[in-house]
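Working notes, beginning with the structure itself.
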Amino acid sequence: MKVIRVVAMALTVGIGMGSAAMADGFKDCTKLDKASWKPASEAEAKAKALGYEVRRSKVEGSCYEVYGVKEGKLYELFYSPEDLSLKHTIAK
(Lines give C-alpha, C1' and ligand atoms only; values in the text may rest on other atoms or scores of the structure.)
Protein backbone atom coordinates (compact mmCIF):
# COMPACT_ATOMS: atom_id res chain seq x y z
CA MET A 1 0.00 0.00 0.00
CA LYS A 2 2.82 2.42 0.80
CA VAL A 3 4.36 1.87 -2.65
CA ILE A 4 1.09 2.79 -4.35
CA ARG A 5 0.76 5.92 -2.22
CA VAL A 6 4.36 6.98 -3.02
CA VAL A 7 3.82 6.43 -6.76
CA ALA A 8 0.55 8.40 -6.67
CA MET A 9 2.25 11.30 -4.89
CA ALA A 10 5.15 11.28 -7.36
CA LEU A 11 2.75 11.38 -10.30
CA THR A 12 0.80 14.25 -8.76
CA VAL A 13 3.96 16.29 -8.20
CA GLY A 14 5.26 15.48 -11.71
CA ILE A 15 2.02 16.53 -13.38
CA GLY A 16 1.97 19.81 -11.43
CA MET A 17 5.55 20.59 -12.38
CA GLY A 18 4.87 19.79 -16.03
CA SER A 19 1.97 22.22 -16.11
CA ALA A 20 4.10 24.97 -14.58
CA ALA A 21 6.88 24.37 -17.10
CA MET A 22 4.50 24.65 -20.03
CA ALA A 23 2.97 27.89 -18.78
CA ASP A 24 5.91 30.20 -19.43
CA GLY A 25 3.96 32.82 -21.34
CA PHE A 26 2.80 36.23 -20.18
CA LYS A 27 -0.98 36.42 -20.57
CA ASP A 28 -2.31 39.59 -18.94
CA CYS A 29 -1.83 42.74 -21.04
CA THR A 30 -5.21 44.48 -21.18
CA LYS A 31 -8.79 44.35 -20.01
CA LEU A 32 -9.98 46.08 -23.17
CA ASP A 33 -12.58 44.22 -25.27
CA LYS A 34 -11.06 42.44 -28.30
CA ALA A 35 -13.20 44.50 -30.67
CA SER A 36 -11.15 47.56 -29.63
CA TRP A 37 -7.71 45.98 -30.02
CA LYS A 38 -5.19 47.42 -32.48
CA PRO A 39 -4.16 45.03 -35.31
CA ALA A 40 -1.57 42.33 -34.54
CA SER A 41 0.41 43.48 -37.58
CA GLU A 42 1.21 46.69 -35.67
CA ALA A 43 2.76 44.66 -32.83
CA GLU A 44 4.85 42.81 -35.41
CA ALA A 45 5.94 46.15 -36.90
CA LYS A 46 7.05 47.36 -33.44
CA ALA A 47 9.15 44.21 -32.98
CA LYS A 48 10.73 44.72 -36.43
CA ALA A 49 11.53 48.34 -35.50
CA LEU A 50 13.42 47.00 -32.46
CA GLY A 51 15.57 44.84 -34.75
CA TYR A 52 13.78 41.50 -34.46
CA GLU A 53 13.22 39.20 -37.45
CA VAL A 54 9.57 38.31 -36.84
CA ARG A 55 8.75 34.63 -37.33
CA ARG A 56 5.08 34.63 -36.30
CA SER A 57 2.60 36.08 -33.85
CA LYS A 58 -0.50 34.91 -31.99
CA VAL A 59 -2.92 35.94 -29.27
CA GLU A 60 -1.88 34.66 -25.82
CA GLY A 61 -4.46 35.52 -23.17
CA SER A 62 -5.01 39.25 -23.57
CA CYS A 63 -1.62 39.85 -25.26
CA TYR A 64 -0.10 39.72 -28.69
CA GLU A 65 2.79 37.27 -28.52
CA VAL A 66 5.37 37.94 -31.21
CA TYR A 67 8.13 35.40 -31.89
CA GLY A 68 11.28 37.06 -33.16
CA VAL A 69 14.95 36.34 -33.69
CA LYS A 70 17.66 38.84 -32.82
CA GLU A 71 21.39 38.14 -32.99
CA GLY A 72 20.64 34.44 -33.54
CA LYS A 73 18.51 34.06 -30.40
CA LEU A 74 14.75 33.40 -30.24
CA TYR A 75 12.57 35.76 -28.18
CA GLU A 76 8.91 35.95 -27.24
CA LEU A 77 7.69 39.52 -26.98
CA PHE A 78 4.34 40.29 -25.36
CA TYR A 79 2.54 43.44 -26.50
CA SER A 80 -0.60 45.05 -25.16
CA PRO A 81 -3.17 45.15 -27.98
CA GLU A 82 -4.59 48.27 -26.35
CA ASP A 83 -1.62 50.59 -26.87
CA LEU A 84 1.03 48.21 -28.34
CA SER A 85 3.33 48.74 -25.36
CA LEU A 86 5.87 45.98 -24.75
CA LYS A 87 4.82 44.25 -21.52
CA HIS A 88 7.25 41.33 -21.24
CA THR A 89 10.10 39.63 -23.10
CA ILE A 90 11.30 36.04 -22.73
CA ALA A 91 14.58 34.83 -24.26
CA LYS A 92 14.40 31.20 -25.35
Side-chain angles (χ1 to χ4, degrees):
M1 286 296 250
K2 284 185 178 183
V3 172
I4 292 171
R5 201 174 301 158
V6 170
V7 170
M9 287 175 65
L11 286 172
T12 301
V13 170
I15 289 169
M17 290 175 66
S19 297
M22 292 178 71
D24 68 344
F26 186 82
K27 295 181 170 90
D28 189 24
C29 292
T30 186
K31 295 190 184 324
L32 191 66
D33 184 65
K34 281 188 177 185
S36 302
W37 287 12
K38 295 184 183 276
S41 59
E42 291 183 24
E44 291 179 7
K46 289 196 81 137
K48 287 178 185 176
L50 291 174
Y52 292 92
E53 178 187 328
V54 173
R55 297 292 170 94
R56 71 183 187 107
S57 64
K58 67 178 186 175
V59 173
E60 181 74 24
S62 65
C63 303
Y64 286 137
E65 181 176 6
V66 178
Y67 293 86
V69 175
K70 189 174 189 178
E71 298 174 1
K73 191 165 188 170
L74 179 63
Y75 292 88
E76 293 178 34
L77 301 109
F78 296 85
Y79 287 93
S80 169
E82 181 176 356
D83 59 7
L84 299 172
S85 60
L86 182 60
K87 297 293 187 178
H88 192 68
T89 302
I90 298 174
K92 290 293 189 174

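Keep in mind the model is a prediction, meaning the values are calculated, not measured. We use all heavy atoms of the structure for the numbers below, so side chains are in, but hydrogens, waters and symmetry mates are not.
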Treat each ILVMFWY residue as a node, draw an edge where side-chain heavy atoms are under 4.5 Å apart, and state whether [X] and [Y] are in one component.
X	Y	answer
L50	L74	no
L84	V54	yes
L86	F26	no

Discussion item. Do K58 and Y67 make a side-chain contact, defined as non-hydrogen atoms from C-beta onward lying under 4.5 Å apart?
Written reply: yes

Worksheet entry | Reported CD-to-CG distance for the pair E44 and L77, which is rounded to 0.5 angstrom | 11.0 Å

Return the minimal non-hydrogen interatomic distance between [X] and [Y], and the atom names on each side.
X	Y	value
Y75	K73	CD1-O, 3.3 Å
L32	T30	N-OG1, 3.0 Å
C63	W37	N-CH2, 4.4 Å
Y79	K46	OH-C, 3.8 Å

Fill in: Under 3.5 Å donor-acceptor, Y64 side chain and K38 backbone
yes

Worksheet item: Backbone N or O of C29 within a donor-acceptor pair of the S62 side chain at under 3.5 Å?
Response: yes

